[in-house]
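Inspection log for the structure reproduced underneath, given as C-alpha cells.
The model shown is predicted, which means the values in this text are computed figures rather than measured ones.
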Amino acid sequence: MAAAPTRAEALSLFRSLLRTARQFSDYNIREYTRRRAADAFRENRALGDAAAAAAVFADGKKQLEVAKRQAVVYSLYAPKAKSIMEMKLQ
C-alpha cells in the first residue's frame, strides 16, 4: 500500500507546477497550465483515502514531467510575436 503524500510534498508539487507554467512564453499556454494545476489541486483537496491520494500525487508528478518537457519543446518553437494579452497599453 502506498503512503499518502505529506502536505509539504503536495505543496512542493504545486509550486513546481506553477514554476513550470511560468516557463511557457505564450500567455494562453502559461495560463492554461497554471489554471489546470490549481483546478486539479482544488478538486483533490479533500481526498481521505491514502491510496487514492498517493495515486493522484503520482499522476501529478507525471504531469509535472510532461509539462517540463513541453516547456522545453515549446521554447524551441515559440512564436516571436506576443499575444494581445501580453501587450502593454502605450
Side-chain angles (χ1 to χ4, degrees):
M1 177 166 346
T6 64
R7 178 176 170 83
E9 290 172 328
L11 288 174
S12 175
L13 177 62
F14 183 65
R15 285 190 303 266
S16 295
L17 283 163
L18 293 180
R19 275 193 299 272
T20 302
R22 282 196 307 251
Q23 293 177 357
F24 287 101
S25 60
D26 185 81
Y27 172 83
N28 292 322
I29 295 174
R30 184 173 55 245
E31 288 302 307
Y32 170 77
T33 306
R34 186 193 60 77
R35 209 173 40 247
R36 183 171 171 178
D39 290 346
F41 273 80
R42 198 173 298 117
E43 178 182 322
N44 296 308
R45 178 185 299 174
L47 283 179
D49 183 24
V56 168
F57 185 74
D59 184 52
K61 287 171 71 174
K62 287 179 188 175
Q63 291 298 321
L64 174 62
E65 294 306 315
V66 168
K68 284 181 179 180
R69 286 193 305 270
Q70 287 177 335
V72 169
V73 170
Y74 198 83
S75 71
L76 297 173
Y77 301 104
K80 302 297 183 220
K82 288 190 174 196
S83 168
I84 192 72
M85 297 298 289
E86 294 174 311
M87 291 183 182
K88 297 192 186 242
L89 296 176
Q90 296 176 353

So which heavy atom on [X] is nearest to which on [Y], and how close?
X     : Y     : answer
Ser25 : Tyr74 : OG-CE2, 4.0 Å
Arg30 : Phe24 : NH1-O, 2.9 Å
Ala37 : Leu17 : CB-CB, 4.0 Å
Ala4  : Ala53 : CB-CB, 4.3 Å
Phe41 : Ala10 : CE2-O, 3.4 Å

Inter- and intrachain pairs under side-chain hydrogen bond (donor to acceptor under 3.5 Å, both in side chains), touching residues 14-24, at least two apart: Ser16-Arg19
CD1-CZ distance between Ile29 and Arg34, expressed to the nearest 0.5 angstrom: 14.5 Å
Reported CD-to-OG1 distance for the pair Gln70 and Thr33, which is rounded to 0.5 angstrom: 7.0 Å
N-O pairing of Arg42 and Asp39 below 4.0 Å: yes
Same apolar cluster: Leu13 and Leu18, side chain cutoff 4.5 Å: yes
Same apolar cluster: Leu64 and Phe57, side chain cutoff 4.5 Å: yes
Beyond-backbone contact of Lys61 with Glu65, side-chain heavy atoms, under 4.5 angstrom: no
Leu11 side chain near Arg7 side chain, heavy-atom distance below 4.5 Å: yes
